[in-house]
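Keep in mind that this is a model prediction, so the values were computed, not measured.
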Amino acid sequence: AEEDLRALNAELEARVHLRTAELETANSFLNSVIQHIPHQVIVKRADDLTMVRVNRSAEELLGHSEQDMLGKTVFDIHTRKEEAEFFTVKDREALALGREADIPEETLHSSDGRERVLHAKKVPILDESGRPRYLLIIAEDVTQRKKREREVERLNAALAQRSTEVEAANRAKSTFLATMSHEIRTPMNGMLGMLE
């Protein structure tokens, strides 16, 4: 019986080692994927909103290393209190919703002082009972797209203004031509009549 127990124990240990190696491989793969995603990825604890995971893209945007941000909140990272408050309110709203929240525009001042516009999705990660344990934030820097949209809006407004001016000029030209045609035709009719 002891021999069977040892054999079973050895088999279980082999299975544990194999499963541990598989999990380490999967974890390494997942870490690599998260680090290479071009969007900012941040994972926060649901209870206190401290950061537990940050990818390279978020490090570059925020100007802090992952090690500097782990265990901290946005109030520890951001110099602008109003931005930190906005992010916290939106985080809490997503957690209260219990499902993905889409925030089309979040303004953020990066560590170098540049204003960035982010499009963020905040996804609560729920436990077995349905309570939020973590908050996954995936944000895309849409600053350039927003600048292009504003430029298109500005050009459209200028085009509309120019179109209004062209229409007014065309009406003025039509009025001028109609008036001049009448003014020229009346004396010409008299001259033609005298010539006949």
Just verifying a value: how many Å separate [X] [atom1] and [Y] [atom2], rounded to the nearest 0.5 Å?
X: L49; Y: T73; atom1: CG; atom2: OG1; value: 8.0 Å
X: R92; Y: L135; atom1: CZ; atom2: CG; value: 9.5 Å
X: L30; Y: Q35; atom1: CG; atom2: CD; value: 10.0 Å
X: I42; Y: K122; atom1: CD1; atom2: NZ; value: 8.0 Å
X: T88; Y: K44; atom1: OG1; atom2: NZ; value: 6.0 Å
X: I37; Y: R56; atom1: CD1; atom2: CZ; value: 11.5 Å

Tell me yes or no: between the side chains of [X] and [Y], is some donor less than 3.5 Å from an acceptor?
X: N55; Y: S57; result: no
X: D68; Y: S65; result: yes
X: E83; Y: H109; result: yes

Treating [X] as the side-chain partner and [Y] as the backbone partner, does any N or O pair qualify as donor plus acceptor under 3.5 Å?
X: H36; Y: S32; answer: yes
X: T25; Y: A21; answer: yes
X: S174; Y: N170; answer: yes
X: T20; Y: V16; answer: yes
X: T107; Y: V117; answer: no
X: N31; Y: N27; answer: yes

Should [X] and [Y] count as an ion pair when the cut-off is N to O under 4.0 Å?
X: R145; Y: E140; value: yes
X: E149; Y: K146; value: yes
X: R53; Y: E66; value: yes
X: K90; Y: E93; value: yes
X: E3; Y: R6; value: yes
X: K81; Y: E85; value: yes

- Show your reasoning for whether side-chain contact (heavy atoms from CB on, under 4.5 Å) applies to V33 and F29. CA-CA 6 Å; V33 168; F29 174 74; 3.7 Å; yes
Closest heavy-atom contact between [X] and [Y]?
X: G98; Y: L126; value: O-CD1, 4.0 Å
X: P104; Y: H119; value: CA-CD2, 3.4 Å
X: P132; Y: A46; value: O-CB, 3.3 Å

- Message: Quick one, E59 with V54, criterion side-chain contact (heavy atoms from CB on, under 4.5 Å). Give me CA distance, side-chain angles, the key distance, then yes/no.
- Response: CA-CA 7 Å; E59 286 177 315; V54 179; 4.2 Å; yes
Quick one: do [X] and [Y] end up in the same hydrophobic cluster if we chain Ile, Leu, Val, Met, Phe, Trp and Tyr together by side-chain heavy atoms under 4.5 Å apart?
X: M51; Y: L61; answer: yes
X: L62; Y: V43; answer: no
X: I103; Y: I125; answer: no
X: Y134; Y: I137; answer: no
X: L136; Y: V52; answer: yes

- Message: Walk me through whether E151 and R154 qualify under salt bridge (Lys or Arg N to Asp or Glu O under 4.0 Å).
- Response: CA-CA 5 Å; E151 183 63 17; R154 188 190 65 75; 2.5 Å; yes
- Query: Looking at H39, Q40, R116, which hits side-chain hydrogen bond (donor to acceptor under 3.5 Å, both in side chains) with D141?
  - Reply: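 So the option named by the test is R116.
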- Tell me, do R133 and D47 make a side-chain contact under 4.5 Å, heavy atoms counted?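 A side-chain contact is absent here, since even the closest heavy-atom pair is not under 4.5 Å.
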- Begin with the C-alpha distance, continue with both residues' side-chain angles, and end with the deciding distance and a verdict on side-chain contact (heavy atoms from CB on, under 4.5 Å) for E115 and T143. CA-CA 8 Å; E115 182 176 289; T143 305; over 6 Å; no
- Message: Does D76 form a side-chain contact (heavy atoms from CB on, under 4.5 Å) with M69? I'd like the steps, not just the answer.
- Response: CA-CA 8 Å; D76 302 320; M69 292 187 275; over 6 Å; no
